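Here is the structure we will look at, set down as structure tokens.
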Amino acid sequence: MTRILSGIKPTGNLTLGNYIGALKHFKDFQDSGEVFIFIADLHALTLPIDPEFLNQNTRDLAAFYLASGLDPKKATIFVQSSVPAHAELNAIMQNYLYMGELSRMTQFKEKSAKLNQSAIGLGLFAYPVLMACDIVLYDADIVPVGEDQVQHVEITRDLVNRINKRYGDKTLVLPNYQINKVGARIMSLSDPTVKMSKSDPKGDIFLKDPMNVVRKKIMSAVTDMGSEVKFDKENKPGISNLLTIYAAMREISIEEAEAHFVGYRYGDFKREVADAVVAELEPFQKKYQEILESGSYLEVLREGAKRADAIAKVTLKRVQKAVGLLDIYEN
Ligand code: ATP
Ligand code: LTN
């Protein structure tokens, strides 16, 4: 059966970008494949973060996963740090990705540029090593992510090829990324040339925003010159972003969304985009709140950790053996 794996960092309030680019689609895989969805809390430590904030974000993310329709009977939902094999495999794999290739990662360049240059953590630099471990531990075939994470899956593929060439082609499974046709990169509503991002919020819609705030943010989103509602990323980045959001909410193509808005003025167009977002987010938010208040997510995470641990251990053992580490409990 196909294995699907993805994760989100609990670094802040989830945005509509996270929802459209990743979260919303995780459940689509749970009837046809074996799904592993985790909370990348160790990755959240790669930039300074307040402990209480991280703790609360982790709970929130668990509740958001469940509210998105992931069924814990079908999908394994867990916290990265609750499965020790991630850190253990990381200690091995850090020797097989090279400093040159890590320093070329766009995410590293962007995030490190914002830091005090004498305080860039090793974990931020080595981020892709741990991410590769997350993926290979579960023999994942498919990794659904937003566009910004493609480079990290590609470096994982380089690592897998390197390891398999050296230790035998059955050591690790080669993963593929999957990005959505619509909404792989949702842009900021106040500056449609930059990505909507939870750790650097600017023109973001948050999944926890009250609905009147969501409406207000969409109504005051930056638009472009002209008056036609047309998808043209270069000349109409604001309108194109809103069209993308609409198409993602209605689960239609960009062309269909464009056809729907022929002859619309910007104001009426925005109102319908806001309606579509509210129609989806409102029930989603209610579910999230119920789950969070009930505390039921904790049991899900405990069960998930058990299942994930059992699988991850097997891969870890296979790699330890392949590279020559002695298992003192075997003959
Ligand atoms: P941070 O700001 O902390 O880097 P982020 O908002 O970029 O966080 P991640 O935790 O890195 O979010 O990403 C979670 C998932 O959401 C990933 O699959 C990522 O590709 C996707 N994603 C993030 N931002 C967007 C966006 N603006 N549009 C579409 N997908 C996105
Ligand atoms: N880097 C990802 C989070 C992440 C991830 C993963 C995604 C960590 N490990 C493994 C997919 C597979 C991000 O920033 N969204």
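Note that the structure is predicted; figures quoted are calculated from it, not measured. The first residue of the sequence shown is numbered 1, and numbering continues consecutively from there.
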Roughly how far, to the nearest 0.5 Å, is the [atom2] atom of [Y] from the [atom1] atom of [X]?
| X | Y | atom1 | atom2 | answer |
| --- | --- | --- | --- | --- |
| S32 | M1 | OG | CE | 7.5 Å |
| L242 | D224 | CG | CG | 8.5 Å |
| F38 | Q80 | CZ | CD | 5.0 Å |
| F284 | L23 | CZ | CG | 5.0 Å |
| T46 | I120 | OG1 | CD1 | 12.0 Å |
| K286 | I291 | NZ | CD1 | 13.5 Å |

I'd like to know if the side chain of [X] reaches the main chain of [Y], judged simply by a donor and an acceptor atom lying under 3.5 Å from each other, with no hydrogens or angles considered.
| X | Y | answer |
| --- | --- | --- |
| D309 | K306 | no |
| K270 | A221 | yes |
| N180 | V182 | no |
| S82 | F78 | no |
| Q30 | G69 | yes |

I'd like to check [X] versus [Y] (side-chain heavy atoms, cut-off strictly below 4.5 Å). Are they in contact?
| X | Y | result |
| --- | --- | --- |
| V143 | Q178 | no |
| V145 | S6 | yes |
| M196 | L16 | yes |
| L159 | M93 | yes |
| E282 | V277 | no |
| Q149 | Q107 | yes |
| L14 | I8 | yes |

Should [X] and [Y] count as an ion pair when the cut-off is N to O under 4.0 Å?
| X | Y | value |
| --- | --- | --- |
| K9 | D41 | no |
| R250 | E272 | no |
| K321 | E330 | yes |
| K198 | D204 | no |
| R157 | E154 | no |
| R271 | D268 | yes |
| E228 | K236 | no |

Problem - Aromatic ring proximity H86/Y138, centre distance under 6.0 Å - result: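 Yes, close enough.
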Exercise for the section: Kindly say whether the aromatic ring centers of F108 and Y127 come within a distance under 6.0 Å. Expected result: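 No.
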So which atom in [X] and which in [Y] form the shortest heavy-atom distance, rounded to 0.1 Å?
| X | Y | answer |
| --- | --- | --- |
| Q151 | T106 | OE1-N, 2.8 Å |
| L42 | L130 | CB-CD2, 3.8 Å |
| P10 | I49 | O-CD1, 3.8 Å |

For [X] and [Y], which I'm curious about, is there any donor-acceptor pair between the side chains at under 3.5 Å?
| X | Y | value |
| --- | --- | --- |
| D191 | S188 | no |
| D158 | N161 | no |
| D60 | Y288 | yes |

Handout entry: Test applied, side-chain contact (heavy atoms from CB on, under 4.5 Å); reference residue, V136; option that passes from T156, V173, L316, T171
Key =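 That would be T156; it is the only one of T156, V173, L316, T171 passing the side-chain contact (heavy atoms from CB on, under 4.5 Å) with V136.
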Please say whether more than 12 non-hydrogen atoms of neighbouring residues, nucleotides or ligands are located less than 6.0 Å from [atom1] in [X].
| X | atom1 | value |
| --- | --- | --- |
| K313 | NZ | no |
| K27 | NZ | yes |
| Y177 | OH | no |

Handout entry: Working for side chain to side chain contact (heavy atoms under 4.5 Å, CB included), residues L47 and K111
Key = CA-CA 8 Å; L47 287 174; K111 304 240 170 193; 3.6 Å; yes
Handout entry: Among Y246, F261, Y264, ring-ring contact (aromatic ring centres under 6.0 Å, His included) partner for F269
Key = F261
Practice task
List the steps, then state whether side chain to side chain contact (heavy atoms under 4.5 Å, CB included) holds for E110 with D148.
Solution key: CA-CA 11 Å; E110 284 178 2; D148 60 323; over 6 Å; no
Practice task
Show the numbers, then the answer: is there a side chain to side chain contact (heavy atoms under 4.5 Å, CB included) between V323 and L325?
Solution key: CA-CA 6 Å; V323 302; L325 300 182; 3.8 Å; yes
Problem - Derivation of the side chain to side chain contact (heavy atoms under 4.5 Å, CB included) call for V273 and M249 - result: CA-CA 9 Å; V273 176; M249 291 294 110; over 6 Å; no
Exercise for the section: List the steps and the verdict of side chain to side chain donor-acceptor pair (under 3.5 Å) for N55 and T58. Expected result: CA-CA 5 Å; N55 190 292; T58 305; over 6 Å; no
Practice task
Find out if a path of hydrophobic residues (ILVMFWY) with successive side-chain heavy-atom gaps under 4.5 Å connects L301 to V35.
Solution key: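 Result: yes, single cluster for both.
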Handout entry: In one Ile/Leu/Val/Met/Phe/Trp/Tyr side-chain cluster, 4.5 Å: V194, I205
Key = no
Exercise for the section: For salt bridge (Lys or Arg N to Asp or Glu O under 4.0 Å), just list the numbers for R215 and D209, CA-CA rounded to whole Å, side-chain angles, deciding distance to a tenth of an Å, and then say yes or no. Expected result: CA-CA 10 Å; R215 277 188 192 282; D209 277 342; over 6 Å; no
